[in-house]
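Inspection log for the structure reproduced underneath, given as structure tokens.
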Amino acid sequence: MYYIGIDLGTSAVKLLLMKSGGTIEKIVSREYPLMFPHPGWSEQKPEDWWNAVTDGIRELVDGIDTTEVAGIGAGGQMHGLVALDGDDRVLRPAILWNDGRTQKQTDYLNHTIGKEKLRELTGNIAFAGFTAPKILWMQENEPELFARIRKIMLPKDYINYRLTGSFVTDYSDASGMLLLDVKHKSWSDEMLRICGITRDQMPELHESYDIVGTLTARAAEELGLPESVKVVAGAGDNAAAAIGTGTVGDGSCNISLGTSGTIFISTSRFLTPPDGIHSFAHADGKWHLMGCMLSAASCNKWFMDEILRTKDYPAEQKGITDDKLGRNHVYYLPYLMGERAPHNDPAARSCFIGMTMDTTREDMTQAVLEGVAFGIRDSLEEVKKLGMSVPRSMICGGGAKSPLWKKIFASVLNLELTTPETEQGPGYGGAILAAVANGEYQDVQDACRSLVHTTGSELPDPELAALYEERYQVFHRLYPALKELFPDT
């Protein structure tokens with residue numbers, strides 16, 4: 001049998017075809033536009049997602065026996081607001097996870113409603129990227145459109161709706177809306193009231209591996225697939241990616257070093273998080289803690305592409321020799337788009353600190369790599385306050401392909417870092433969820449044990465870890481010292 005995994009990203013959708021047993025037969029990508037109608041805003045047209053998915057799946061299944069396609073599972077960009085009217089027409093472009101327009105609404109939720117009340121209702125505090133502040137923004141700034149809303153959904157749920165006609169979401173993705181009581185896995189009626197919406201406008205809740213429908217006749221025709229294909233609820237991108245790296249069970253950890261950066265720790269019980277950390281439902285049926293940096297590998301891409309004007313990333317890292325690690329006098333704050341975890345500050349800005357007349361190109365490149373690692377460590381330190389022990393972690397994402405960066409991360413975090421053999425992110429996780437739903441595995445953990453393998457580990461160097469401990473203690477003081485200046489920059 002075959003399973004299709006959908007990774008609905010911010011710049012493109014990545015589709016993969018997985019055969020029973022975990023072999024990836026084919027991968028197809030389709031890009032779509034990203035719109036910035038005002039500074040700090042970020043939007044996309046849901047119809048562009050659907051067109052990319054349908055076009056990509058037709059290519060994906062070309063040449064195979066489509067009667068062997070048993071299931072589809074999607075992982076998708078979280079938090080985006082997709083609003084439909086009573087005729088199922090999209091009311092406005094989706095407001096995305098990295099949109100920064102909602103600071104006023106976020107402050108209202110955190111300071112007027114109050115963080116403790118939000119934790120009581122949802123388990124989390126408000127972040128500018130979450131869905132609830134977007135709903136409040138739309139209510140205040142687009143009241144006529146707001147009054148016409150009949151369905152509120154997340155990006156990957158829009159795809160599932162077009163596939164099956166089922167108005168559903170899963171607990172992991174719903175956790176990032178600030179509308180879900182995460183501990184009890186139900187919509188918070190009080191949060192819905194605060195946002196001026198009702199349960200009728202919210203999708204039905206499911207576990208990520210639940211079958212939520214089969215293809216409609218229209219979708220089957222568009223995709224070139226039989227109507228019998230089963231679609232699962234799927235998961236938010238981070239939870240889906242965690243399935244793809246086997247990050248399930250109690251205390252398992254994954255670090256993703258992509259455009260954004262995350263540290264994801266699975267847990268068998270709900271834990272109330274500190275301010276800068278999320279506590280969400282996981283796609284394995286349990287929960288997880290997560291810290292998310294808005295800029296991770298994108299910091300290095302920005303520095304290479306825009307400042308150094310080069311695409312030869314390995315060449316720029318070649319001069320950063322072992323004797324320089326842990327001894328750099330330059331620091332870099334990785335807040336190119338503001339920051340989520342653990343500072344929750346859209347006004348935060350990126351900067352270099354500590355440069356002198358002898359600062360070199362390599363010093364600045366090294367500072368960028370170290371600054372991102374220090375930023376992830378900030379979130380790890382917050383998780384440790386909850387009594388969580390994290391002795392090792394998987395590491396994935398484009399940035400993890402750099403041996404130097406992995407070495408820096410291992411010693412900055414003082415963790416053993418293991419690389420997955422198959423790294424296909426949320427799409428692979430989505431396909432695994434579809435295989436579980438079709439009875440190929442007993443549960444998600446069983447599937448991960450069978451399908452997820454590793455290729456090697458990076459161990460922390462004790463001497464280097466000690467040097468980085470000293471450097472981190474300085475880095476940790478920089479944001480608080482500069483925080484009050486950022487809004488004026």
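Here the structure is a predicted model, which means the values were calculated and not measured.
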Q) So H79 and T131, side chain to side chain contact (heavy atoms under 4.5 Å, CB included) or not? Walk me through it. A) CA-CA 5 Å; H79 314 307; T131 317; 4.2 Å; yes
Q) Could you walk me through whether V383 and I263 pass the side chain to side chain contact (heavy atoms under 4.5 Å, CB included) check? A) CA-CA 10 Å; V383 169; I263 180 166; 5.6 Å; no
Q | K407/D461 under salt bridge (charged side-chain N to carboxylate O under 4.0 Å, His left out): CA gap, chis, key distance, verdict | A | CA-CA 8 Å; K407 183 172 186 176; D461 177 278; over 6 Å; no
Q) V390 and L413: side chain to side chain contact (heavy atoms under 4.5 Å, CB included), yes or no, with the steps? A) CA-CA 10 Å; V390 184; L413 303 178; over 6 Å; no
Q) Could you walk me through whether E381 and K385 pass the salt bridge (charged side-chain N to carboxylate O under 4.0 Å, His left out) check? A) CA-CA 7 Å; E381 293 301 316; K385 293 177 182 178; over 6 Å; no
**Q.** Residues F374, D378; criterion side chain to side chain contact (heavy atoms under 4.5 Å, CB included); working and verdict
**A.** CA-CA 6 Å; F374 288 146; D378 273 343; 6.0 Å; no
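Atom CE of M1 is separated from atom CE of M18 by 11.5 Å, given to the nearest 0.5 angstrom. Remark: T54 OG1 to L223 CG distance equals 6.5 Å, nearest 0.5 Å. For the atom pair OG1 (T272) and CD1 (I125), the distance works out to 12.5 Å, reported to the nearest 0.5 Å. The distance from the CG atom of L404 to the CG atom of L325 is 6.0 Å, given to the nearest 0.5 Å. K14 contributes atom NZ, which lies 14.0 Å from atom CD1 of I6 (distance to the nearest 0.5 angstrom). Between I395 atom CD1 and K406 atom NZ the span is 7.0 Å, to the nearest 0.5 Å.
Evaluated for a side chain to side chain donor-acceptor pair (under 3.5 Å) with K156, the options D7, D237, D173 yield exactly one hit, D173. Applying the side chain to side chain contact (heavy atoms under 4.5 Å, CB included) test between V229 and each of T66, L163, I72 identifies I72 as the sole match.
Between the S279 side chain and the L271 main chain, a donor and an acceptor come within less than 3.5 Å of each other. A donor-acceptor pair under 3.5 Å is absent between the side-chain atoms of S350 and the main chain of P334, judged by distance alone. Side-chain N or O atoms of N438 include none that pairs as donor or acceptor with a backbone N or O of E440 at under 3.5 Å. Distance alone, capped at 3.5 Å, places no donor-acceptor pair between the D210 side chain and the H206 backbone. Under the 3.5 Å distance criterion, the side-chain polar atoms of Q44 are matched with a main-chain donor or acceptor of T10. For D363 (side chain) and T360 (main-chain N/O), a donor-acceptor pair under 3.5 Å exists by modelled atom type. Counting only distance, with no hydrogens or angles, the side chain of K134 and the backbone of F130 share a donor-acceptor pair below 3.5 Å. Judged by distance alone, the side chain of H282 and the main-chain N or O of T247 form a donor-acceptor pair under 3.5 Å. Counting only distance, with no hydrogens or angles, the side chain of D250 and the backbone of S268 share a donor-acceptor pair below 3.5 Å. A donor-acceptor contact shorter than 3.5 Å links the side chain of E339 to the backbone of L294.
Put simply, the side chain of K19 reaches to within 4.5 Å of the side chain of Y2, judged on heavy atoms. You'll find the side chain of I57 reaches within 4.5 Å of the side chain of L225, heavy atoms only. Side-chain contact between M304 and Q317 is absent, with no heavy-atom pair separated by less than 4.5 Å. Side-chain contact between Y313 and K401 is absent, with no heavy-atom pair separated by less than 4.5 Å. The shortest distance between side-chain heavy atoms of I408 and V372 does not fall below 4.5 Å. Residues W405 and V368 are not in side-chain contact: their nearest non-hydrogen atoms beyond the backbone lie 4.5 Å or more apart. The shortest side-chain heavy-atom distance between P155 and W49 falls under the 4.5 Å cut-off.
With 3.5 Å as the limit, one finds a donor-acceptor pair spanning the side chains of Q366 and E370. H329 and T359 form a side-chain donor-acceptor contact under 3.5 Å, judged by distance and modelled atom types alone. T356 and D358 form a side-chain donor-acceptor contact under 3.5 Å, judged by distance and modelled atom types alone. T122 and N124 share no side-chain donor-acceptor pair at under 3.5 Å.
Counting heavy atoms of neighbouring residues, nucleotides and ligands inside a 6.0 Å radius, atom NZ of K286 does not exceed 12 of them. Applying the 6.0 Å contact sphere to CD of E25 captures more than 12 heavy atoms from other residues, nucleotides or ligands. Counting non-hydrogen atoms of neighbouring residues, nucleotides and ligands closer than 6.0 angstrom, the CZ atom of R392 reaches no more than 12 such neighbours. Open room surrounds NE2 on H476; 12 or fewer heavy atoms of other groups in view lie less than 6.0 Å from it. Applying the 6.0 Å contact sphere to CD of E31 captures no more than 12 heavy atoms from other residues, nucleotides or ligands. Environment of CD in E469: crowded, with over 12 heavy atoms of neighbouring residues, nucleotides or ligands closer than 6.0 Å. Counting non-hydrogen atoms of other residues, nucleotides and ligands closer than 6.0 Å to NZ of K318 gives a total of 12 or fewer.
Within the structure, every pair that satisfies the side-chain hydrogen bond (donor to acceptor under 3.5 Å, both in side chains) test and touches residues 288-302, not counting sequence neighbours, is listed here: K301-D305. Applying the side-chain hydrogen bond (donor to acceptor under 3.5 Å, both in side chains) test to residues at least two apart or on different chains, the pairs with a partner in residues 478-487 are D345-Y479.
Minimum heavy-atom separation, S393 to I255: OG-N, 3.4 Å. Taking all atoms of both residues into account, the shortest heavy-atom contact from Y3 to A70 is CE2-CB, 3.6 Å. Nearest heavy atoms, R119 versus P274: NH2-C, 4.1 Å. When all heavy atoms of T418 and S457 are compared, the pair lying nearest together is OG1-OG, 3.0 Å. Residues A434 and V232 approach most closely at CA-CG1, 3.9 Å, considering heavy atoms. In this structure, W41 and D99 approach most closely via the heavy-atom pair CA-OD2, 3.1 Å.
In this structure, Y441 has its ring center no closer than 6.0 Å to that of Y209.
Legend: residues meeting salt bridge (Lys or Arg N to Asp or Glu O under 4.0 Å) with R361, ordered by chain and number and at least two apart, are E316.
The aromatic rings of F127 and H278 stand perpendicular to each other, their planes meeting at an angle above 60°, with 30° marking the opposite boundary.
The side-chain tip of K183 does not point at the ring of F270 from less than 6.0 angstrom away and within 45° of straight on. Relative to the ring axis of W287, K185 places its NZ or CZ within 45° and under 6.0 Å from the centre.
Between K26 and E59 there is no salt bridge, since no side-chain nitrogen of the basic residue lies less than 4.0 Å from a carboxylate oxygen of the acidic one.
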